Amino acid sequence: MVEQTPLPARYYRDNFVVLVQSVSQRYLDLFDDTEQAHIQALLALDQDAQCLLVRLLTRVGPWVRSDQLNYPEILDLELSIARLEAQGWISTRPELDVLSLSRLLRKAELQALWPALPKAERKAQWQQRLYEQYTDAQRPLQQWWPKAPMRLLSIERYALLHRLQVLFFASNRPDLSQFVIVALGHQRFESYPLHPQYRAYANRHELEWHIQRGVLREALAQASLEDTATDAEVRAQLLARQREVPSQASTGLWLALAERAAKRQDWRRALSAYRRVATPPGPERVVRTLGRLGRWRFAERAMNAIIPQTDTERNALERFRASIHKALDKPTPKRSRFWAQSFTLCLPDDGERVERQVQRHLRNAGWQSLWCENALLSAIFGLMYWEVIFADVPYAFDHAFQRGPRDQYHPQFWARRAALRAQCEAQWQARASWACELQRRYEAKAGVQNRWFHAERVPWSAIAALLARMDKPVLWALLQRLASDLRHYRSGLPDLFAWREQQYRFIEVKGPGDRLQESQTAWLAYFAAQDVHYDVAIVTRP
DNA sequence: GTGGGATTGG
DNA sequence: TTCACACTATCCT
DNA sequence: GATAGTGTGTCTCCAATCCCACTA
Ligand SMILES: [Mn+2]
Ligand SMILES: [Mn+2]
């Protein structure tokens, strides 16, 4: 439901002041004296100036055209600009390179400024020409365009303003619009208690390293594969910081480094980076990379030392075992593989997705169905464990706009909630029927942001259909498996859930050229072991 | 003129 | 701008 | 069959507007 009452004219300033005050109360010791003085000065600015600064902060930036500042709630724009500049919050004569300039100017303005640019070309081609001519030269607007009808403003002290936001949202991608989205009723968040003393960042080092990790991740994503200097820089920073900070946070970067090295067939660097990745697929990649290096005995030893954390990892290792044995001239023991049961449907290509085609085919046979993939089991899990997921655990909730606890996928997630989980599960076990309580939760939590239950994707009727047909202990087993590794087992569930009279069926649809994925096979094998009814519908073309 | 992506503000 | 899934290409037996 | 790589729809709001490219 959308809120009716209009927001105050300066709602965005109010929100930002709330943010700054919250951060300065929780985290003041993370800032040095100069920064603390700036924060106080920020709060002491007059409202007009605060408004303008926040407006600039929410624009794409870092440069904003003065002729695109149209804010009636700012009473005296010129005075605000002057005050912000006098206090060092903005610059009115920023230097910028020609690419940044060309993004600020419209095509017609570029044409007027550089009449030689060929009219027929697109703006992107003009930008390329301009860059070739001027490269990275930095100049103020008045030099690029002496007769410019506007000025440019740019934020100064962006680092401080950015850190305030990162601290508030505990995220490298802070989003000030969250406030207004909630105020307008576009999103609702679960209400959980917040504890300012449990801080997401214990000290400045942790904050800086968090931000820096984001910078490095971005640099790696942008760098071409041949650009090994970036890899070396990332690696050096990871090694330098690994003592100060818990290592789990760096796993993603190590994995990215390893994969880039592997793509370059630089197996030694790949190996040393994969070794830093303790979670899947790290250990398995170490084994494969040892194979690439021809060190098959080491590979075999490493493989035997791994305790698989998931059955996907176990399967991947078993598959690779054959290669190792072949390389070492050992006999390869036949491994028993799971074959999913399937049936074939020959349907003409009518432009529709095969999943929809199979749904139609099922309907003709009297089956109702829902194309839900992972959403159905996830929804049941989320609703059943809601109070555990949103439990008041130290460090789990840091601000009011979270869709779930910060440690959702942490290995200690359940350990930190063991008693609550036991209590929650005992209550479900004690209930004769789950439908009543689940429906109550379904209605109460529909529309509340969370990572498991999305009412739009799973109508209550589908959950009810499942509850009415699947034995409770079987569903329980599925939920326990999901709980055993939330990140891993939340994917791979079949496309369709179908039901007719007292029967139900999970159906994975495979079109021509499509095959079961690892995670899908793993769930189907578990279905088979638990006597969950399933099928693979293989669609062929006539 | 149309359509689409980016930007903006609530 | 990520994640899960489909789809394609290649090499191999 | 195994593996790697690429493409796609959907993400965490919605309406209004701007700018550009394309077409007539
Ligand atoms: Mn699917
Ligand atoms: Mn499928």
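As the structure is a computational prediction, the values presented were derived from the model and not from experiment.
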Open item on the list: By the salt bridge (charged side-chain N to carboxylate O under 4.0 Å, His left out) test, which pairs, at least two apart or in different chains, include something from residues 511-520 of chain A?
Closed with: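 Non-adjacent pairs meeting salt bridge (charged side-chain N to carboxylate O under 4.0 Å, His left out): A/Arg319-A/Glu518, A/Lys510-A/Asp514.
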TODO: Can you tell me which residue pairs pass the salt bridge (charged side-chain N to carboxylate O under 4.0 Å, His left out) test with a partner in residues 478-489 of chain A, sequence neighbours excluded?
DONE: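 For residues 478-489 of chain A: A/Asp311-A/Arg481.
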- [ ] Could you pull out all residues at least two apart from A/Ala270 that satisfy side chain to side chain contact (heavy atoms under 4.5 Å, CB included)?
- [x]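 Result, side chain to side chain contact (heavy atoms under 4.5 Å, CB included) vs A/Ala270: A/Ala261, A/Ala262, A/Tyr274, A/Thr289.
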TODO: Could you pull out all residues at least two apart from A/Pro281 that satisfy side chain to side chain contact (heavy atoms under 4.5 Å, CB included)?
DONE: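 A/Leu255, A/Glu284, A/Arg285.
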- [ ] Write down the partner of D/dT23 under the Watson-Crick or G-U wobble criteria, each distance required to be under 3.5 Å.
- [x]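 Pair assignment: D/dT23 / none.
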Open item on the list: Tell me which nucleotide, if any, is Watson-Crick or G-U wobble paired with B/dT8 when both distances must be under 3.5 Å.
Closed with: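 When the pairing criteria are applied, D/dA15 turns out to be the nucleotide that pairs with B/dT8.
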- [ ] Give me the residues of residues 56-77 of chain A where at least one heavy atom lies under 4.0 Å from an atom of DNA chain B, by number, or none.
- [x]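 Nucleic-acid contacts, sorted: A/Arg59, A/Val60, A/Tyr71.
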TODO: Enumerate, in order of first residue number, the stems that involve DNA chain C, defined as 3 or more consecutive Watson-Crick or G-U wobble pairs with both distances under 3.5 Å.
DONE: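 DNA chain C stems, ordered by first number: C:3-11 with D:1-9.
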Listed pairs, N/O of protein and of nucleotides 11-13 of chain C, under 3.5 Å:
{"from": "C/dT13", "atom 1": "OP1", "to": "A/Lys326", "atom 2": "NZ", "distance (Å)": "3.2"}

Task: Results of salt bridge (charged side-chain N to carboxylate O under 4.0 Å, His left out) for A/Arg268 - residues two or more places apart only - done: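 A/Arg268 satisfies salt bridge (charged side-chain N to carboxylate O under 4.0 Å, His left out) with no other residue.
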Open item on the list: Please identify the 5'-most and 3'-most nucleotides of DNA chain D with any atom under 4.0 angstrom from a heavy atom of chain A.
Closed with: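 Reading along DNA chain D, I get D/dG1 to D/dC22.
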- [ ] May I ask you to decide whether A/Arg264 forms a salt bridge with A/Asp231, counting only side-chain N to carboxylate O separations under 4.0 Å?
- [x]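 Result for this pair is yes, salt bridge flagged.
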- [ ] Provide the start and end nucleotides, 5' to 3', of the part of DNA chain B that has atoms under 4.0 Å from heavy atoms of chain A.
- [x]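 Boundary nucleotides touching chain A, in 5' to 3' order, are B/dT7 to B/dG10.
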TODO: Heavy atoms under 4.0 Å is the rule here; annotate nucleotides 1-7 of chain C 5' to 3' with B where the base is hit, S where only the sugar-phosphate is, and - elsewhere.
DONE: S--SSBS
Task: Residues that A/Trp339 engages under ring-ring contact (aromatic ring centres under 6.0 Å, His included), provided they are two or more places apart - done: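 Residues passing ring-ring contact (aromatic ring centres under 6.0 Å, His included) with A/Trp339: none at all.
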TODO: Kindly assign one of parallel, tilted or perpendicular to the pair A/Phe506 and A/Phe527, based on the angle between their ring planes and the thresholds 30° and 60°.
DONE: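 It falls in the tilted class, 30° to 60°.
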TODO: Answer yes or no: does atom CZ of A/Phe298 have more than 12 heavy-atom neighbours from other residues, nucleotides or ligands under 6.0 Å?
DONE: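 No - once you tally the heavy atoms of other residues, nucleotides and ligands closer than 6.0 Å, there are 12 at most.
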